[in-house]
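One structure is given here, and the rest of the page talks about it.
What you are looking at is a predicted structure, and each value in this text was computed from that prediction instead of being measured. Each chain gets a letter, A, B and so on, in the order the sequences are listed, and its residues count up from 1.
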2 protein chains.
Amino acid sequence: MGTEAHEDHEAGQEWADVSPDAARRLVRAAVEAFAERGYHATTTRDIAGRAGMSPAALYIHYKTKEELLYQISGVGHRLALGILEQAAAGDGTPAERLADAVRSFVHWQATHHTTARVVQYELGALGEEHYAEVLAMRRGTDSAVRSIIQDGVDAGDFDVPDVAGTTLAVLSLCIDVARWFNPNGRRTPETIGELYADLVLRMVGAVR
Amino acid sequence: MGTEAHEDHEAGQEWADVSPDAARRLVRAAVEAFAERGYHATTTRDIAGRAGMSPAALYIHYKTKEELLYQISGVGHRLALGILEQAAAGDGTPAERLADAVRSFVHWQATHHTTARVVQYELGALGEEHYAEVLAMRRGTDSAVRSIIQDGVDAGDFDVPDVAGTTLAVLSLCIDVARWFNPNGRRTPETIGELYADLVLRMVGAVR
DNA sequence: CCTTGCACTGAGCAAGCGCTTAGGGCTTCC
DNA sequence: GGAAGCCCTAAGCGCTTGCTCAGTGCAAGG
C-alpha cells in the first residue's frame with residue numbers, strides 16, 4: 001500500500017545467517033506471530049502457515065515451539081548485550097558513552113521492535129534452563145550500563161544519588177520502547193534515540 | 001514464611017467493593033494468575049481452583065474469561081487515570097504537580113503490581129470493543145501528564161524541547177515499573193516513587 | 001536405472017481448552 | 001411445609017492444541 005515502515009530494509013536482518021532457508025522463514029514467521037499475539041496465543045499451525053509450509057514441517061527444524069522462542073530470545077539478547085557492551089567499552093567521556101549506549105540501544109529496539117517485543121516480554125514463557133541462561137545475559141546489560149554511570153560519577157561528570165536505581169530506570173525506559181513503538185507513527189528510530197539520549201543525560205545530571 | 005511483602009495490607013484492596021464474595025474471590029484469583037503467567041496461559045480451571053470453587057462456578061459470575069479480564073482492566077485503568085488526573089488538577093507549581101503525579105502513580109503501580117501488570121501488559125487480549133474503551137482511558141492518562149508538562153513550559157519552569165515525546169517517556173518509565181517490580185526486593189513503592197519523581201523533574205529541566 | 005537420504009505432507013492422536021447442562025442443597029418467603 | 005430462587009458441582013461436549021508418523025517427491029551418487 002505504500003505505507004511501509006521506513007526501516008524495512010533493516011528489519012529482519014538479524015536472522016540473515018539462520019540456515020537452512022526453511023528454518024529462517026520459520027524464525028521470521030514466529031517472531032512476527034509472537035510479537036503480534038504473544039507466545040501462548042500463537043499456534044504452531046499459524047507459524048508454519050506464515051512460513052508457507054505444513055504444521056508438521058516445523059518439527060523438522062525445531063524440536064518444540066519453545067525451542068523457537070529460545071532461539072529468538074537468545075539471538076536477540078546477545079545482540080542487545082553486544083550493543084551496550086560496545087558502547088560501554090568506547091573511549092569517549094562517560095557522557096558520550098552513555099548517550100551512545102542509549103541512542104544505539106533504543107535505535108535497535110525500535111528498528112527491530114518485533115524481535116525486541118518477544119525478547120523483552122515473552123521470556124516468562126521460556127523453560128527453566130533457558131530462562132536462567134537468558135537471565136545471566138540480562139544481568140550483563142545491567143552491569144554494562146551501570147559501569148558507564150559509575151564512571152561518570154567517579155569522574156565528577158554526573159550527579160547521581162542512586163546509581164543502581166538510576167541504572168534500572170535508564171534500562172527500563174529503553175526496554176519499554178519495544179512495547180509502544182509503532183513503525184507507522186511519526187517517530188523514527190533515529191529521533192527516538194536522540195530524544196532518549198538527551199533525557200538520560202538529564203537524568204544523570206550531565207552538563208550539556 | 002515471614003517473607004511477605006511490606007505492602008500486603010494495601011494489595012488487593014482495589015477489589016473490596018466487588019460483590020458478591022465469590023465474584024471478588026474470582027477477580028483476585030484471576031489477577032494473580034494473569035499477572036503470573038499471562039492471560040492466554042491461564043486456564044479457567046486454574047482461576048476457579050485458586051478461588052476455591054469448581055470450574056463451572058466461574059460462569060455464574062462472569063459470562064466469559066475475557067469478561068474477567070475486562071473487569072480487571074477497566075477498574076485498574078479507572079484507578080490509574082484517577083490518580084493522574086487528581087495530581088494534574090492540584091494547586092501547586094507545575095514541578096510539584098508533576099512530582100506528585102509520578103510519585104503517586106509509581107507508588108500505585110508498585111503496590112498493586114499484580115493488577116498493574118495485567119492492566120499494562122494484557123490489554124491486547126481484550127475483545128475489540130473493550131479494547132477501544134480502554135484505549136480512550138489511556139489517551140486520558142497521556143493528556144493528564146502532558147497538561148502538567150505544558151503548564152511548566154508555559155510558566156518557564158521547565159525546559160522541554162519535545163513535550164509530546166517527553167510525556168511519552170515519562171509515562172513509559174512509570175508503566176514499566178509494573179514489569180520489573182518485585183515485592184521481595186529491597187526497593188519499596190515509596191523509595192521508587194521518590195527516585196522516579198526526582199528523575200522526571202531532571203528530565204523536564206526543573207530546577208531543584 | 002536404482003538406491004539412498006532428506007525435506008516435506010496428510011492424517012490424526014492424546015490431552016487440554018472454554019464453556020454448558022442437569023441437577024442438588026440451602027436459604028427465604030408465604 | 002412447600003415453592004421459588006440462588007449458588008454451586010459433576011460430568012462432559014465440541015473443539016483446538018502441540019506434536020507424531022507413515023509415506024511421498026526429489027535431488028545426488030553409483
Side-chain angles (χ1 to χ4, degrees), chain A residues 15-74 118 122-131, chain B residues 15 17-73 118 122-131:
Chain A
W15 311 112
D17 54 354
V18 173
S19 129
D21 174 73
R24 184 169 50 251
R25 267 156 47 218
L26 281 169
V27 179
R28 288 202 167 116
V31 167
E32 214 179 287
F34 291 164
E36 242 171 60
R37 311 130 91 107
Y39 176 81
H40 288 293
T42 300
T43 68
T44 55
R45 283 167 234 269
D46 182 27
I47 297 170
R50 284 179 199 240
M53 40 217 251
S54 78
L58 190 152
Y59 293 91
I60 292 158
H61 304 281
Y62 294 94
K63 275 203 290 285
T64 62
K65 176 179 153 187
E66 193 267 352
E67 196 177 279
L68 251 172
L69 177 63
Y70 173 60
Q71 155 107 291
I72 294 164
S73 200
V118 178
E122 302 292 335
L123 53 160
L126 285 167
E128 227 173 311
E129 282 185 28
H130 292 163
Y131 181 70
Chain B
W15 311 112
D17 54 354
V18 173
S19 133
D21 174 73
R24 182 169 53 251
R25 266 155 50 218
L26 281 168
V27 179
R28 287 201 168 116
V31 167
E32 214 179 287
F34 290 164
E36 241 172 61
R37 311 131 93 106
Y39 175 81
H40 289 292
T42 300
T43 69
T44 54
R45 285 163 172 82
D46 181 27
I47 297 170
R50 286 180 198 240
M53 39 216 250
S54 78
L58 190 153
Y59 293 91
I60 291 157
H61 303 282
Y62 294 93
K63 276 203 289 283
T64 63
K65 177 178 152 187
E66 193 268 352
E67 195 177 279
L68 252 172
L69 176 64
Y70 173 59
Q71 153 109 293
I72 294 164
S73 199
V118 178
E122 302 293 335
L123 52 161
L126 286 168
E128 227 173 310
E129 281 185 28
H130 292 162
Y131 181 69

Review point. Heavy atoms under 4.0 Å, any strand shown: does B:Ser54 hit a base, just sugar-phosphate, or nothing?
Key: base
Point to revise | N/O donor-acceptor pair under 3.5 Å between A:Lys63 side chain and A:Leu68 backbone | key: no
Check your understanding: Between atom CD1 in B:Ile47 and atom P in D:dC8, what is the gap in whole Å?
Key -> 16 Å
**Study point:** Distance in angstrom units between A:Lys65 NZ and D:dC19 P, rounded
**Key:** 8 Å
Review point. Among D:dC8, C:dG18, C:dC8, which is the nearest nucleotide to the side chain of A:Ala22?
Key: C:dC8
Check your understanding: Should A:Leu58 and A:Met53 be marked as a side chain to side chain contact (heavy atoms under 4.5 Å, CB included) after you check the CA-CA gap, both sets of side-chain angles, and the distance that decides it?
Key -> CA-CA 8 Å; A:Leu58 190 152; A:Met53 40 217 251; 5.8 Å; no
Check your understanding: Do the side-chain N or O atoms of B:His40 get closer than 4.0 angstrom to the phosphate oxygens (OP1, OP2) of C:dC17?
Key -> no
**Study point:** Given C:dC17, D:dT9, C:dT20, the nucleotide with the shortest approach to the side chain of B:Tyr59
**Key:** C:dT20
Review point. Once you round it to whole Å, what is the distance between P of C:dC26 and CG of B:Asp21?
Key: 18 Å
Check your understanding: Under a 4.0 Å N-O cut-off, is there an ion pair linking A:Asp17 with A:Arg24?
Key -> no
Check your understanding: To the nearest angstrom, how far is A:Arg24 atom CZ from C:dA7 atom C1'?
Key -> 15 Å
Check your understanding: Between C:dC19 atom C1' and B:Asp46 atom CG, what is the distance in whole Å?
Key -> 16 Å
**Study point:** B:Gln71 (side chain) donor-acceptor with B:Val27 (main chain) under 3.5 angstrom
**Key:** no
Exercise for review: Send over the distance from A:His61 NE2 to C:dC6 P, rounded to a whole Å.
Suggested key: 13 Å
Exercise for review: Figure out the CD/P separation between B:Glu67 and C:dC19, and round it to whole Å.
Suggested key: 10 Å
Check your understanding: When rounded to the nearest 0.5 angstrom, what is the spacing between OG in A:Ser73 and OH in A:Tyr131?
Key -> 10.5 Å
**Study point:** Which residue lies more 5' along DNA chain D, comparing A:Thr43 with A:Ala56 via nearest heavy atoms
**Key:** A:Thr43
Study note, to complete from the structure: On DNA chain C, more 5' by nearest nucleotide between A:Ile60 and A:Arg45 is A:Ile60
**Study point:** Nearest-Å distance for atom pair CG/P, residues B:Leu26 and C:dG18
**Key:** 14 Å
Exercise for review: Output the single nucleotide from D:dC8, C:dT9, D:dC19 whose closest atom is nearest the side chain of A:Thr64.
Suggested key: D:dC19
